[in-house]
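Reckoned from all heavy atoms, side chains included, excluding hydrogens, waters and symmetry mates. Note that the numbering runs from 1 along the sequence shown for the chain. None of these values were measured; they are calculated from a predicted model. Indexing begins at 1, ligand by ligand and atom by atom, following the structure's order.
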Amino acid sequence: MGKQGKILAGYLAPHPPHLVYGENPPQNEPRSQGGWEILRWAYEEVRAEIAEMRPDVLLVHATHWVTIVGHHINCVPRLQGVSVEPIFPHLLRYHYDVTTDVDLAEAIYEEARSDGLTVKKMTNPRFQLDYATVVTLHMMRPQWDIPIVSISANNSPYFKGLNTGIAQMEALGRATRRAIEATGRRAVLAASNTLSHLHYDREPALPEDMHHERIYNQSQYLWDMRILDLMRKGQTAEMRRLLPQFIQEAAAEIKSGGFFWMMEAMGWPEMKADVKGYWTVIGTGNAVVGWDLRKLEPAHV
Ligand code: 2X7
Ligand code: FE2
């Protein structure tokens, strides 16, 4: 039997297209004057950690790849295309070229199916990646030289009621962990989510005019800080207990399931998370946060 795989780290890795737009990478067509630096610099720390960890694979729960029947796992070996953000096409028209870790993707499919989840292999070679997947992966690893696995957002917490949906996402997390272990992969997970999610509906003439960028309301700011404070202190069980109320009261995007998937796969570690940065994008609360599981091990991997 080969070496058992492991999850090296997990990141809360939000996906506003504004972050890619502000960076002006060659893959994106629109140009900007910059903007949202605090979040972009936070992602620079993630990039450095990934360069150091050298994982075999990056797994992302694809928040804006919404599937109605079941959880779909991307099993296409290579995907090339242009991802256009439907609401902000003037900010994100991104050219991507990515390989998929098909063996791991198929292992997750099998594990999830054996747990009774409705799952499907996505094999359409012309499939287009959603912008959340593209933005999160670009911000984490703009070279696109590490294979990925992307998992659709069945959004079961929306479709099936919050508690039933969360239970399903957690089952998917356990299945993902077993598949990583069985295939021997050294994996990094990403939950592509904003925290509080109420936002403005008018864009300034210059989208990156930071004079206009501020949190939508004080109550959702206080909620974000409460959750981030618990993450920083490593009070993970207490954070988990509050998440349903947070989702209801701050319209938190983590309702879409990826955060529950990732944290369950990592065993909800009672460790201090590394909050790398927090700021607003069109009024929503976005944090880049890391859980470096290598710190739980006696010797660094
Ligand atoms: O998808 C998003 C988001 N979650 C937050 C802010 C802005 C745009 O897109
Ligand atoms: Fe989103």
Going by the order shown, which atoms of ligand 1 are within less than 4.0 Å of some heavy atom of [X]?
X	value
Tyr131	1 (O), 2 (C), 9 (O)
Ile282	7 (C)
His64	1 (O)
Glu253	4 (N)

- Is the distance from the Fe ion (ligand 2) to some N, O or S atom of His64 under 2.8 Å?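 Yes, within the cut-off.
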
- By atom name, which N, O or S atom belonging to Glu253 lies closest to the Fe ion (ligand 2)?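 Looking at Glu253, the N, O or S atom with the least distance to the Fe ion (ligand 2) is OE2.
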
- Under a 4.0 Å heavy-atom limit, does His197 contact ligand 1 with its side chain, its backbone, both, or neither?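 Under 4.0 Å from ligand 1, His197 contributes side-chain atoms alone.
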
- Using the side-chain hydrogen bond (donor to acceptor under 3.5 Å, both in side chains) rule, take Glu170 and Trp261 through it: C-alpha gap first, then chi angles, then the decisive distance, then the call. CA-CA 5 Å; Glu170 292 184 337; Trp261 161 79; over 6 Å; no

- Message: As an exercise, state the distance from CD of Glu106 to OG1 of Thr183, rounded to the nearest 0.5 Å.
- Response: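 Output value for this atom pair is 11.5 Å.
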
- Message: To the closest 0.5 Å, what do you measure between CD1 (Ile87) and CG (Leu92)?
- Response: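 Result: 12.5 Å between the selected atoms.
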
What protein heavy atom lies closest to [atom]? Include the residue and the distance to one decimal.
atom	result
atom 8 (C) of ligand 1	Pro17 CD, 3.7 Å
atom 5 (C) of ligand 1	Thr194 OG1, 3.5 Å
atom 6 (C) of ligand 1	Thr284 OG1, 3.7 Å

- State plainly whether the residues Glu52 and Arg47 are in salt-bridge range, i.e. N to O under 4.0 Å.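 Salt bridge: no.
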
- Query: Any chance CD of Gln33 has more than 12 other-residue heavy atoms, nucleotides or ligands included, within less than 6.0 Å?
  - Reply: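 No - once you tally the heavy atoms of other residues, nucleotides and ligands closer than 6.0 Å, there are 12 at most.
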
- Query: So which of Glu297, Arg177, Arg294 actually passes side chain to side chain contact (heavy atoms under 4.5 Å, CB included) with Lys6?
  - Reply: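 The single option meeting the side chain to side chain contact (heavy atoms under 4.5 Å, CB included) with Lys6 is Glu297.
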
- Message: Which heavy atom of Leu79 sits nearest to which heavy atom of Val76, and what is that distance?
- Response: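 Reported closest heavy-atom pair: CD2-CG1, 3.8 Å.
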
